Structure formats: structure tokens, C-alpha cells
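Bear in mind the structure is a predicted one, so any value in this text is a computation, not a measurement.
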Amino acid sequence: MTLQPHPPTPGTPTPPDLFTWEFATDPYPAYAWLREHAPVHRTRLPSGVEAWLVTRYADAKQTLADNRLSKNPAHHDEPAHAKGKTGIPGERKAELMTHLLNIDPPDHTRLRRLVSKAFTPRRVAEFAPRVQELTDQLIDRFAAEGSADLIHEFAFPLPIYAICDLLGVPREDQDDFRDWAGMMIRHQGGPRGGVARSVKKMRGYLADLIHRKREALPATPDPGEDLISGLIRASDHGEHLTENEAAAMAFILLFAGFETTVNLIGNGTYALLTHPEQRTRLQSSLNAGDTALLETGVEELLRYDGPVELATWRFATEPLTIGGQDIAAGDPVLVVLAAADRDPERFADPDVLDLGRRDNQHLGYGHGIHYCLGAPLARLEGQTALATLLTRLPDLQLAVDPAELRWRGGLIMRGLRTLPVEFTPLG
């Protein structure tokens, strides 16, 4: 059943249908309507929860940095039918709530500081050879076939294996993580039970892994110590990181760190294949050994059709006003990043894909203290994946009509279910 938006005020135009399959395929016309007519719009979500959608760039940026909006679901003035429907399914029962997407300062500041050193430009640069190795290995698996589903065979496994390496998940266990992550993606927009079961399995595994790593932790850290070992070491040296916090941190880095990159690679490849002049422009640049267009190009792909459609949940801790609209204490607020990043008040020709766009302060990875911690790693993976695909498979093209493609029906993320492609097989 499609749930209609909140009834408009008498005399105002009727809002477009939101959260239908048609909307999922191309939400941008509906977002353009909301920016113009109802920039801060109260609607009923498919889960039954009512929330405010913020769609203009200026309002979105302000909202993302407003400390009166809490990330803690405890501030949600939720009716009984909405209980537990505003986060990741299963995280509450699995005791995985104390992660960066659900907490505020000072706890947020403390936990973010513990993991931020794993995502510094230097650490990410050191990880670049491994990302390239993974990228080439995955392409090698299908290169001789002449066709592939780039989501399941490439965009999905690449960030899973990369984040597992960063966390310190042993190689022999990484396929289990791939299976659990796949369950999370496949069940989004469907029954919550499938996601919750995967979350529970992941929680059990992480608790055991943390215990095993603590038992074997050397007295002094190695230069390239994995992230879970670093969290344990911090916990054991007075940072007061509980086992639940350590497990929740590892969980959210995996959960947030893989799906955003899956969608960056999938959406980005699809955008390039459907904009041949921009794709040719990028290939020519790469063939000339120039990476400048690749760097600006990934930022433009993040803006044009980014992996995160709506920023994660926020809850008003007191009455406030956003874009002239009064918000009550306890109300959920969702910033629509996809709408803000196509706001013509901020971006010239916002519906045009221009890989060389310079003035591009997009909100694809958020803004403020909750700006995506893993953005440097995601950028590295996105740049490496796209450059390697276009270089090794230069005649890559869609194997189906774009109208046949289906987008996953979730609330926060935006990504394709499949991306069938064909190319000249590599011998």
C-alpha cells in the first residue's frame, strides 16, 4: 500500500506521491516540487512514522549542524505504532545502539575521536594499494565472461572486503560478513525480520572477535594495527569504551561503510553509462594520466545521484523553526540530501551532470559533527573502482534498457538492485 503524504493545507497544491516504486526510480521531480512549494514538509513514511522532510540546501545545511536536533532516538516523542521504527532494524535488541549515528556529544565526541585516526588521509593513502588489489581481483573474476552484474559482482563485495580488512576481520571470516551484509541490503524496504536476524548474527560474531583479539593483543601496537584492536587498546587504557560500545562501533563502521560505497560505485557507474559524453571525457583524462577530472568527477557523482538519499534520523529536543516551519519537541526530522544537492539556489544547472564542476560543496556525506567519518575511504574506493572499470573495460555498456533497472526501496539509502553490463571479454 502506498501511503500518501500528510494532507496539505487547504488552498495549496497537492504534493506528489512519495515512496512509491515510481518515486524510487526518479525522486528528483518530486523533490523539486517540495523545494518550491513545501520545503519543510510533514509526511507519513512507509513505516507509519510521521516526520519532517527538509529539502532546500540552505535549510539542510543549517539543520545538519543544529545542536537542538539530537541523534538519540530517546528524544523521539514516538507513538506506540512507531516504536523502534526509526533506526536500523534489530540494533536495539542486539545492544548495538551506542554508535555514532545514535548519540550526541560528549559521548559522540569521545567515540569519534577513538576511530578518527583510522580514517586520516595518511592511513587511507596507506590502504590504497589494498583497495586497488581488491578492485583488480574482483574484475579478474568476470573479465573473461563479457558480462556481469556490477552490483553483486563488483560494487557490493569491494567495500565489504575493504572495511573487513580495516576492522581486522580475518580473511577466512569475511565471506560470512558478505552474506550478512547482503541480507541487510536485500531486505531493506521489506520485512524487518531479515535485517534484524543478520544484525543479531553480526553482533554475536563481533562480541566473539573482540574477545579473541583482546586475548591475543600484543603489548605494543603494530604501525598498521587494525581498528578493532585499536578500540580494544583504547578501552583497556582508560578510555572507558565498553564492550557494547566497541561492538556497536565496529558494526556501524561496517554497516555505514559498505552500503554507501556500494551505491557510490553503482549509481556512479550508471550515471556515466547514461551520460556518454561525460564518460568519454573521463576516459580521455584517465588515458592521459590525469586524475584531476576523476577527483572532481566523483564529487559530482556524489552530488548528482548520491548514495545517501536522506540523512539519518534527528529528533527535536525543543520547539524550533526550520525554513519558516515550526517543529515541535520530539518530532523526527529527515534532511533530504538528494533534494538539497539539486537546489538551483545553490548549484548552477543542478540537473546537469558535469564531472568538472568546481563549486561543489555538496552534502552527500553530511555536514557538521556527524559528517561521514569514512568519507576519505569511500572516495578512495569510488575513484579506484571507476577508474579501473573504465580503463580495463573501455567499451563497458548497459546490457538492458535503463527502464528495466530497479532501485532498492529503502528510506535512507539510494541504490540499484542490479546493474547488468556487457563488454569485450578480456583474454
Side-chain angles (χ1 to χ4, degrees), residues 40 49 51-76 86-88 91-92 96-121 124 159 163 227 231 241 245-246 248-261 263-264 299 302-303 306-318 320 322-323 327 330-341 346 361-379 410-414:
V40 182
V49 177
W52 294 96
L53 303 181
V54 179
T55 56
R56 287 180 179 169
Y57 182 91
D59 294 337
K61 194 170 183 180
Q62 178 182 336
T63 300
L64 291 171
D66 194 327
N67 59 16
R68 296 170 299 174
L69 289 161
S70 170
K71 298 291 290 174
N72 190 338
H75 290 288
H76 184 196
T86 59
I88 299 168
E91 63 178 358
R92 199 182 300 249
L96 290 170
M97 292 289 289
T98 52
H99 57 67
L100 292 174
L101 297 185
N102 282 344
I103 56 175
D104 304 313
D107 284 337
H108 176 270
T109 309
R110 172 176 64 90
L111 293 179
R112 188 176 175 107
R113 186 180 69 249
L114 290 179
V115 294
S116 60
K117 58 178 175 284
F119 296 100
T120 61
V124 170
I163 199 70
L227 188 48
L231 291 173
L241 188 73
E245 287 176 331
M249 181 70 76
F251 165 73
I252 202 59
L253 288 173
L254 178 83
F255 188 87
F258 90 87
E259 193 174 359
T260 51
T261 311
N263 294 346
L264 167 57
E299 298 310 304
L302 284 162
R303 182 202 69 82
V308 184
E309 191 164 342
L310 282 76
T312 49
W313 296 86
R314 285 166 168 76
F315 308 94
T317 58
E318 61 184 77
L320 66 147
I322 302 173
I327 310 293
D331 277 1
V333 176
L334 291 165
V335 176
V336 187
L337 304 178
D341 280 344
R346 175 59 186 85
Q361 296 298 311
H362 63 77
L363 301 177
Y365 283 126
H367 174 69
I369 64 169
H370 292 283
Y371 181 84
C372 178
L373 188 66
L377 178 61
R379 286 187 167 101
L411 182 65
I412 302 298
M413 301 291 186
R414 173 165 172 78

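Side-chain contact check for F315 versus P73: some heavy-atom pair is nearer than 4.5 Å. Residues I369 and P105 have side chains in contact (heavy-atom distance under 4.5 Å, counting atoms from C-beta outward). In this structure the side chain of E309 never reaches within 4.5 angstrom of the side chain of L337, judged on heavy atoms. Under the 4.5 Å side-chain criterion, counting only non-hydrogen atoms from C-beta, I327 is in contact with V40. When side chains are defined from C-beta on, N72 does not count as touching T317, because their heavy atoms never get closer than 4.5 Å. Here the side chains of L377 and I163 are in contact, with some heavy-atom distance below 4.5 Å. A heavy-atom distance below 4.5 Å is not found between the side chains of T260 and C372. The side-chain heavy atoms of I412 and V308, taken from C-beta on, include a pair separated by under 4.5 Å.
For E299, the salt bridge (Lys or Arg N to Asp or Glu O under 4.0 Å) partners are R379, not counting sequence neighbours. By the ring-ring contact (aromatic ring centres under 6.0 Å, His included) test, Y365 is found to be paired with no residue, residues two or more places apart in sequence or in another chain being considered. Partners of R56 under the salt bridge (Lys or Arg N to Asp or Glu O under 4.0 Å) rule, at least two apart in sequence or in another chain, do not exist in this structure.
With K71 contributing its side chain and W313 its backbone, the two residues share a donor-acceptor pair below 3.5 Å. Distance alone, capped at 3.5 Å, is enough to place a donor-acceptor pair between the N263 side chain and the R414 backbone. Counting only distance, with no hydrogens or angles, the side chain of T63 and the backbone of D59 share a donor-acceptor pair below 3.5 Å.
Between atom CG of residue L334 and atom OG1 of residue T312 there is a gap of 8.5 Å, rounded to the nearest 0.5 Å. The line from NE2 of H367 to CD of Q62 is 9.5 Å long, rounded to the nearest 0.5 Å.
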*Assess whether side chain to side chain contact (heavy atoms under 4.5 Å, CB included) is satisfied between Q361 and R346, documenting all intermediate values.*
CA-CA 9 Å; Q361 296 298 311; R346 175 59 186 85; 3.5 Å; yes
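Residue-environment remark: CD (E318) exceeds the threshold of 12 foreign heavy atoms within 6.0 Å.
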